[in-house]
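What follows is a single structure, written as structure tokens, with notes after it.
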Amino acid sequence: MKNIVVQKFGGTSVRNLECMRQVLNNVRRPLAAGDKVIVVLSAMAGETNRLLALAKEWSPAPDLAELDSLVSTGEQISVALFAMMAKDEGIKCRSVLGFQVPIISNSSYGKARIESIDSEKLVAMLEEYDVLVMAGFQGVDAFDRITTLGRGGSDTSAVAVAAALKAEVCEIYTDVPGVFTTDPNMCAEARKLDRISYDEMLEMASMGAKVLQIRSVEFAKKYNVTVHVRSTFSDEPGTIVTQEEAIMESVQVAGVAYDKDQAQVTVVGVLDEPGVCASIFTPIAERKILVDMIVQNPSREGRTDITFTVPKSDLADTLKLMEGLKPVIGYLALLSDKDVAKVSVIGVGMRNHSGVAAQAFRALRDENINILMISTSEIKLTCLIEDKYTELAVRTLHQSFVGQYQVG
Ligand code: ADP
Ligand code: ASP
Ligand code: MG
């Protein structure tokens, strides 16, 4: 069998015929070298949002399985259009939907996880075709129902297929030339990184840098797939996401990320006794709501406050759960705030450098930005702030940490 190359193209790369022709140019490169290609496509830019809005018109809280059946059509359109165009150009190809591979997932509609991929079937199809045009974002569950993998899920489809086929590299083509020190569309000083470690990329993705879906990076790390993030519209090399190397340690911070999709909840005056946190967070976890930052204040007169963050779309649900808990844990008040954002500095080099937190706090102080919550990991520092200051905070942190280093 020939070498198999996996290439994924995002929504802006397939938004019209002209862009799809550009995609085809990128596909021709490995073909010319005699390789077989699996092209994973997203829906055309804006299509997934359009379908989600359409569903809301029909049903205020749509059935999640039907919603997946609807939003997955965006990718079906892309692959069919691309395959017909490529065929006209003389390329031996066909479109393949998630259920045709099949990409088997669990049944968490809207945020399904891939469980297995029939790589033998893909390899067999590649005997007959030079290019398989595969719909990203889609899977099928044990009940033969279509699932989707969460926003940005085509990245994960591509990396998972690359892992299943033991491809050495998975190329992720997008609208920026690689992974930058921060969002290049928000900060003009952002610099492209030549390399970033899986762990740094995981933190960047989980802190809001949507250039790669977090699950795609988890897959890449687990199966040791090198990911090459690059532009559809230029030939320049992009960013290699790979294992950590010693040289990365000399740079304290690899990047700055932000996430505006956060809401803060404070349960005021809960009794300071064993089991209270378990009572608060168990029902939230059962609803599969992702809690990010958690702070508990020292208690006074036997009572304490517990503050945490959840995605904005889960705030209403979370508040309902907390209201239901009032008779059980007897707190005094429930507060919430939607106008918050997380800003984070990330870097494996932070392990061996002290003073990162102090430097970040000074940078925010100099711009008069108040910090609402703080959380840290070995390679990350996150501050919750008022969301109107997000851009300013990103720029000042970037200037303070990345501005002074030659990165990449
Ligand atoms: P695609 O449709 O190709 O999947 P996405 O919109 O999902 O593209 O991701 C690319 C976008 O990610 C960029 O346009 C950029 O605004 C944003 N982004 C956020 N943080 C970063 C970062 N650190 N480096 C590069 N891009 C970033
Ligand atoms: N079309 C899906 C989305 O917009 C998946 C993807 O683009 O990766 O989230
Ligand atoms: Mg994306």
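Since this is a predicted model, take the numbers as computed values, not measurements.
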Show me, pair by pair, the donor-acceptor contacts under 3.5 angstrom made by side chains of residues 121-129, not counting sequence neighbours?
unit_1 : atom_1 : unit_2 : atom_2 : d
Lys121 : NZ     : Gln100 : O      : 2.8

**OP:** For this output row, return yes or no: ring centroids of Tyr173 and Phe233 closer than 6.0 angstrom.
**Re:** no
Subject >> Listed partners of Phe82 passing ring pair (Phe, Tyr, Trp, His ring centres under 6.0 Å), at least two apart >> reply: none
Donor-acceptor contacts under 3.5 Å from residues 51-64 side chains, at least two apart:
unit_1 : atom_1 : unit_2 : atom_2 : d
Asp63  : OD2    : Ala65  : N      : 3.1
Asp63  : OD2    : Glu66  : N      : 3.0

Original post:
Where do Ser336 and Gln264 land on the side chain to side chain donor-acceptor pair (under 3.5 Å) test, with the steps shown first?
Top reply: CA-CA 5 Å; Ser336 69; Gln264 185 186 34; over 6 Å; no
With a 3.5 Å cut-off and sequence neighbours excluded, list the donor-acceptor pairs that the side chains of residues 313-328 form with protein atoms.
unit_1 : atom_1 : unit_2 : atom_2 : d
Asp317 : OD1    : Arg287 : NH2    : 3.3
Asp317 : OD2    : Arg287 : NH2    : 2.9
Thr318 : OG1    : Asp314 : O      : 2.6

Original post:
Between Gln243 and Asn224, does a side chain to side chain donor-acceptor pair (under 3.5 Å) hold up when you go through it step by step?
Top reply: CA-CA 8 Å; Gln243 278 167 349; Asn224 207 9; 3.3 Å; yes
**OP:** Determine the sole option in Thr148, Asp141, Thr147, Asp68 for which the side-chain hydrogen bond (donor to acceptor under 3.5 Å, both in side chains) test with Tyr109 is passed.
**Re:** Asp141
**OP:** Output all residues satisfying side-chain contact (heavy atoms from CB on, under 4.5 Å) with Asp235, sequence neighbours left out; order by chain, then residue number.
**Re:** Arg29
**OP:** Rounded to the nearest 0.5 Å, what's the gap from OH on Tyr258 to SG on Cys187? Could you check?
**Re:** 10.5 Å
Subject >> Contact summary for Glu200 and Ile346, nearest pair of heavy atoms >> reply: O-CG2, 3.7 Å
Which pairs would a plain distance check flag for residues 289-299, meaning a side-chain donor or acceptor within less than 3.5 Å of a matching protein atom at least two apart in sequence or in another chain?
unit_1 : atom_1 : unit_2 : atom_2 : d
Asp292 : OD2    : Lys342 : NZ     : 2.7
Ser299 : OG     : Asp272 : OD2    : 2.8

